[in-house]
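Each chain gets a letter, A, B and so on, in the order the sequences are listed, and its residues count up from 1.
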Protein chains: 2
Amino acid sequence: MSQAPDFRPVDEQVGYLLKKAASALRAAMDDALRPLDLTVSQYACLELLRQQPGLSGSELARAMFVSRQSMNLVLKGLERRGLLTRSAVPPHGKALPTELAPAGLAKLAAANEAVSAVEKTMLSALSPEAERRMCADLTTFAAALTNLAGDAEPE
Amino acid sequence: MSQAPDFRPVDEQVGYLLKKAASALRAAMDDALRPLDLTVSQYACLELLRQQPGLSGSELARAMFVSRQSMNLVLKGLERRGLLTRSAVPPHGKALPTELAPAGLAKLAAANEAVSAVEKTMLSALSPEAERRMCADLTTFAAALTNLAGDAEPE
DNA sequence: ATGAGCGTGTCAACATGCTGACATGAGGAG
DNA sequence: CTCCTCATGTCAGCATGTTGACACGCTCAT
């Protein structure tokens, strides 16, 4: 009951640094994408769709760690701008497969070019080895937390 | 101009993993803090205030990577619940120094206990050395991105 | 002293994301 | 076949965070 349970300053705690890094990355990408009229969410959605065409809204939502409803709004916006296409009628169940339209592919190419500057900057700060290590550590980290949420949930 | 600019699957890219880890951490903390009627923002605010009593709203906002306005809402809520106190009149300029109230300190102690379970889980997944390394890498990472935003801004 | 510049707190409008709820379609248990 | 369960898309309401704008108080150059 003394008064030093964990007095480590916040900027030495993994959680805080994680938030700081994620926040900085998001801001940088936002700046890079603003001239193209794309938000980070929209860009991520397009890129995901390029790598895995035919994903449904719910699948995209899970991949991007947001709710179905939020993803639905993003998809509607992108569809209205002609950047992607969704089957009008569900070929199976209620899931609507989504794919990039030609305009979306072009937009994505421009976006990737804009983002590559940010990527280059952030990766140049890390050695290739450090980058690989960080990916592995982040994956481990996320897996541990996800399992915790999944297991501790019932009670 | 071929079609393989960066086809590395998203779950091997630092940015994606960063978002994934941050998202998982936030969800886990949210679960841990919900029984105490605290959001992650509120908890972070209290903890920050314990480590650095007397911070103003704007200073807290910067430390937490949100706008002054958002922080103001958080502070109002915590003040109304009697968890912190703000000078009624600004002792200097317009900045209102904020400090933890006794109730806030008690609440924070309970919150820290709840959060420690999450911390233990996530840190047990990483070796102490990996943790230290990760902190260093994340700091480097964030610094590179912050400088980018600061420099590229003018043009 | 006076004015410009800056940081701060606050109000308003807007954007984004979430939870809750509902209908629908597929698949399995009886 | 019928009922139950589950995943999906969608609507509504709410919470949180952001930008834009303004007033105020300090500081510094003139």
Side-chain angles (χ1 to χ4, degrees), chain A residues 19-20 22-31 33-34 37-45 49 54-81 84-99 149 153, chain B residues 19-20 22-31 33-34 37-45 49 54-81 84-99 149 153:
Chain A
K19 182 172 178 178
K20 181 172 184 173
S23 173
L25 175 57
R26 183 166 192 102
M29 289 188 63
D30 246 326
D31 287 346
L33 291 171
R34 189 166 308 117
D37 275 302
L38 281 181
T39 66
V40 177
S41 296
Q42 292 170 334
Y43 164 72
C45 183
L49 232 29
L55 286 181
S56 73
S58 286
E59 290 169 326
L60 281 166
R62 277 192 294 270
M64 286 178 51
F65 320 109
V66 296
S67 63
R68 286 173 297 171
Q69 294 87 334
S70 300
M71 180 53 62
N72 206 350
L73 288 183
V74 175
L75 289 176
K76 272 184 181 170
L78 292 175
E79 186 179 19
R80 193 164 38 78
R81 286 165 65 181
L84 55 80
T85 61
R86 312 177 75 182
S87 313
V89 337
H92 181 74
K94 285 195 72 178
L96 299 175
T98 311
E99 288 182 20
E153 191 74 39
Chain B
K19 181 171 178 178
K20 181 172 184 174
S23 173
L25 175 57
R26 182 165 192 105
M29 288 187 65
D30 246 326
D31 287 346
L33 291 171
R34 188 165 308 119
D37 275 301
L38 281 181
T39 67
V40 177
S41 295
Q42 291 170 333
Y43 164 72
C45 183
L49 233 29
L55 285 182
S56 73
S58 287
E59 289 170 326
L60 280 166
R62 277 191 295 269
M64 286 178 52
F65 320 108
V66 296
S67 63
R68 285 172 296 169
Q69 294 87 333
S70 300
M71 181 52 62
N72 206 349
L73 288 182
V74 175
L75 289 176
K76 272 185 180 169
L78 292 174
E79 185 178 20
R80 193 162 37 78
R81 286 164 67 181
L84 55 80
T85 60
R86 311 177 75 183
S87 312
V89 337
H92 181 74
K94 284 195 73 178
L96 299 174
T98 312
E99 288 181 19
E153 190 75 38

In whole angstrom, what separates [X]'s [atom1] from [N]'s [atom2]?
X	N	atom1	atom2	value
A:Leu55	D:dA7	CG	C1'	15 Å
B:Met64	D:dT18	CE	C1'	15 Å
A:Gln69	D:dA7	CD	C1'	13 Å
A:Arg68	D:dC11	CZ	P	13 Å
B:Lys94	D:dG25	NZ	C1'	8 Å
A:Arg62	D:dA7	CZ	C1'	8 Å

For B:Arg81 and B:Asp37, what are the C-alpha separation, side-chain angles and deciding distance, and is it a side-chain contact (heavy atoms from CB on, under 4.5 Å)?
CA-CA 11 Å; B:Arg81 286 164 67 181; B:Asp37 275 301; 3.8 Å; yes
Which atom pair, heavy atoms only, marks the closest approach of [X] to [Y]?
X	Y	value
A:Glu99	A:Gly54	CG-N, 3.7 Å
A:Arg26	A:Ser41	NH2-OG, 3.8 Å
B:Pro90	B:Gly93	CB-O, 3.4 Å
B:Pro97	B:Ala95	CD-O, 3.3 Å

The bend of the helix from C:dA1-D:dT30 to C:dG30-D:dC1, taken between the axes of its five terminal pairs at each end and rounded to 10°, is 20°
Could you grab the distance from atom [atom1] of [X] to atom [atom2] of [Y], nearest 0.5 Å is fine?
X	Y	atom1	atom2	answer
A:Leu84	A:Thr98	CG	OG1	6.5 Å
A:Met64	A:Cys45	CE	SG	6.0 Å
B:Gln42	B:Leu75	CD	CG	10.0 Å

Could you check A:Gly93 against A:Ser70 and say which one's nearest nucleotide on DNA chain C is further toward the 5' end?
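Between the two, 5'-proximity favours A:Ser70.
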Starting at the 5' end of DNA chain C, which residue's closest nucleotide do you reach first, A:Phe65 or A:Pro91?
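Mapping each residue to its closest nucleotide by heavy atoms, the 5'-most match is A:Phe65.
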Start with the C-alpha distance between A:Asp30 and A:Arg34, add both sets of side-chain angles, then the distance that settles side-chain contact (heavy atoms from CB on, under 4.5 Å), and finish with yes or no.
CA-CA 6 Å; A:Asp30 246 326; A:Arg34 189 166 308 117; 4.1 Å; yes
Which is true for [X] with a 4.0 Å heavy-atom rule: it touches a base, it touches only sugar-phosphate, or it touches nothing?
X	result
B:Leu96	sugar-phosphate
A:Ser67	base
A:Ser58	sugar-phosphate

Quick one: do A:Arg62 and A:Leu55 satisfy side-chain contact (heavy atoms from CB on, under 4.5 Å)? Show the steps, please.
CA-CA 11 Å; A:Arg62 277 192 294 270; A:Leu55 286 181; over 6 Å; no
OP1 or OP2 of [N] versus the side-chain N and O atoms of [X]: is any pair under 4.0 Å?
X	N	value
B:His92	D:dT27	yes
B:Ser41	D:dG17	yes
A:Arg86	D:dT10	yes
A:Asn72	D:dG9	no

Can you give me the first and the last nucleotide of DNA chain C (5' to 3') that has an atom within less than 4.0 angstrom of a non-hydrogen atom in chain B?
C:dG7 to C:dC11
